[in-house]
Amino acid sequence: MADVTLRDVARASGCSVATVSRVLAGTRPVGADTARRVRAAAEKLGYRPNHAARALRGRATGTVGLVLPQITNPFYPALVRELTHALHAEGRAVLLADCDDDPVAEAEYIDDLLARRVDALLVIPADERRSRDAVAAAAAQVPLVLMDRDCGPGVADSVAVDNSAGMALVLGHLAATGRRRVWFVGADGTASTAAERRAAYAAGAAALDEGAAGRIALGDFSVAWGRAAVDLVWEARPDALVCANDLIAVGALQRLRELGADVPGDVAVTGFDDIPMAALAAPGITTVRQPVPELAAEATRLLNHRLAGDDGPQRAVRLAPDLVVRESSAPRSTARGDGQHARAASGRATEVPVPRQVP
């Protein structure tokens, strides 16, 4: 069977080719009855848009490039899923690239996606400083939104969780449960999530104990580092480990159980992100839940504004997180497997023009 064309759909719907094109491309408003008639004819005939031909005629290809630091981090598949759904609803397909935390590979993938004529880019930068040049160069060519992590002010629109608010929720919870000998187990390097969570801990930990702000152990965002960190700090007998993500918390919990420590009796453990593994651990891990559906929706909204020709000031959106309290930190009398929830005081997304950054 020959490919169905716009002319075939126009003949079947009783509309002009130009009207059919506007309806199927969504480029201009068309009356509701006309739009329904065109879509019904297109579905009946089995019409499928030829994206390659569209790319030859103009700039739009209907594709968005998505560059991730490491797909093996369990936080990212959930985000990819939400993004794919949100962009598909806008009629766009996603081309995914995993740079494996390597800024050099990241730059190569960005160039490759641009060569494939993507309409826009979503980037979770591997490194705040070393990713900046490649990201800034790409942002000068196509609409680009930074997600979850940043590259500093003045590069592109961005959307991320409010890491400072999330850490404040953790520290407030630990203070309320009487923890004082607290250690932060985080990630070294200059990824903005690592730096922001580390700085937020240092700024707020003094309220627990004057020495808490200096009790920091740094490695990477991995289960292996969580296990190794326990061996480094356990001699000091901390009564709480504040982990910069859930993978670190899982590793710490594993090692503490091997050492015979009572969690949460001897030591509380908290994480960040609320990946599925956090709820499945024994005991369940108290963690900061990132609003993944909102993250995807806000990134899509920002991208749509730029694709529609908005050339206004850059925007930085920071989303309020939730604290999910599980058995790894809750007092025995209140521990619950399904988790108790607290929300950061901001309660909603906040948006400001760049370079005014939300703390």
Side-chain angles (χ1 to χ4, degrees), residues 51-52 54-55 58-71 73 75-161 191-193 292 294-319 351 353-355:
H51 294 294
R54 183 186 300 173
R59 172 63 184 164
T61 62
T63 57
V64 174
L66 172 59
V67 185
L68 302 174
Q70 195 173 72
I71 194 63
N73 183 327
F75 172 69
Y76 292 125
L79 181 57
V80 171
R81 178 179 182 272
E82 293 293 338
L83 280 170
T84 300
H85 289 175
L87 290 167
H88 179 73
E90 301 288 336
R92 299 188 174 99
V94 177
L95 298 180
L96 175 65
D98 174 7
C99 74
D100 201 23
D101 281 322
D102 181 356
V104 174
E106 178 181 62
E108 292 173 353
Y109 279 123
I110 287 174
D111 285 344
D112 181 60
L113 289 168
L114 291 173
R116 294 173 186 273
R117 302 186 67 181
V118 294
D119 296 337
L121 284 168
L122 294 167
V123 181
I124 304 174
D127 187 280
E128 183 171 1
R129 291 198 297 262
R130 292 189 293 155
S131 298
R132 183 180 174 90
D133 288 348
V135 171
Q141 299 180 59
V142 296
L144 188 150
V145 175
L146 294 165
M147 299 184 61
D148 185 51
R149 302 179 180 181
D150 214 338
C151 282
V155 176
D157 293 333
S158 65
V159 56
V161 73
S192 62
T193 48
V292 174
E294 294 175 46
L295 193 63
E298 287 294 329
T300 302
R301 181 181 69 86
L302 290 171
L303 210 59
N304 283 340
H305 278 302
R306 297 304 183 189
L307 286 166
D310 181 1
D311 59 356
Q314 290 172 7
R315 298 177 174 91
V317 176
R318 297 297 176 260
L319 301 174
E351 180 181 313
V354 175

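All heavy atoms count here, side chains included; hydrogens, waters and symmetry mates do not.
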Inset, instruction - Determine the sole option in V123, L95, V80, L79 for which the side-chain contact (heavy atoms from CB on, under 4.5 Å) test with L66 is passed. - result: V80

Inset, instruction - For A299 and V145, work out which heavy atoms get closest and say how close. - result: O-CG2, 4.2 Å

Legend entry - Gap separating the OG1 atom of T61 from the CG atom of D119, nearest 0.5 angstrom: 3.5 Å

Inset, instruction - Measure the CG-CZ distance between L114 and R116 for me, rounded to the nearest 0.5 Å. - result: 11.5 Å

Legend entry - Heavy-atom donor-acceptor pair, E294 side chain to L319 backbone, under 3.5 Å: no

Legend entry - Heavy-atom closest pair, residues V142 and V118: CG1-O, 3.9 Å

Legend entry - N/O donor-acceptor pair under 3.5 Å between D310 side chain and G312 backbone: yes

Legend entry - Rounded distance (nearest 0.5 Å) linking atom CD of E82 with atom CG of L295: 9.5 Å

Legend entry - Partners meeting side chain to side chain contact (heavy atoms under 4.5 Å, CB included) with E90 (sequence neighbours left out): R92, T300, N304

Legend entry - CG on L68 to CG on D101, rounded to 0.5 Å: 10.5 Å

Legend entry - Any donor-acceptor N/O pair, R149 side chain to T193 backbone, under 3.5 Å: no

Inset, instruction - Write down the atom of G152, the atom of V155, and the distance for their closest heavy-atom approach. - result: O-CG2, 3.8 Å

Inset, instruction - May I have the step-by-step check of side chain to side chain contact (heavy atoms under 4.5 Å, CB included) for Y109 and D98, ending in yes or no? - result: CA-CA 8 Å; Y109 279 123; D98 174 7; 5.9 Å; no

Legend entry - Rounded distance (nearest 0.5 Å) linking atom CG of L144 with atom OG of S158: 10.5 Å

Inset, instruction - Inspect the contact between R301 and D157 and indicate whether a charged nitrogen and a carboxylate oxygen are less than 4.0 angstrom apart. - result: no

Inset, instruction - Step by step, work out the side chain to side chain contact (heavy atoms under 4.5 Å, CB included) result for R306 and R315. - result: CA-CA 11 Å; R306 297 304 183 189; R315 298 177 174 91; 4.0 Å; yes

Inset, instruction - Under the side chain to side chain contact (heavy atoms under 4.5 Å, CB included) rule, what do V94 and L83 come out as? Steps first, then yes or no, please. - result: CA-CA 8 Å; V94 177; L83 280 170; 5.7 Å; no

Legend entry - Where P125 and L146 come nearest, the two heavy atoms and their spacing: CD-CD2, 4.0 Å

Inset, instruction - Identify, with sequence neighbours excluded, every residue that meets side chain to side chain contact (heavy atoms under 4.5 Å, CB included) alongside D127. - result: P103, R129, R130, S131, T190

Legend entry - Distance-minimising heavy-atom pair for L303 and P143: CD1-O, 4.1 Å

Legend entry - Closest heavy-atom pair and its distance - A97, L113: CB-CD1, 4.4 Å

Inset, instruction - Look up atom CD1 in I110 and atom CD in Q141, then write down how far apart they are to the nearest 0.5 Å. - result: 10.0 Å

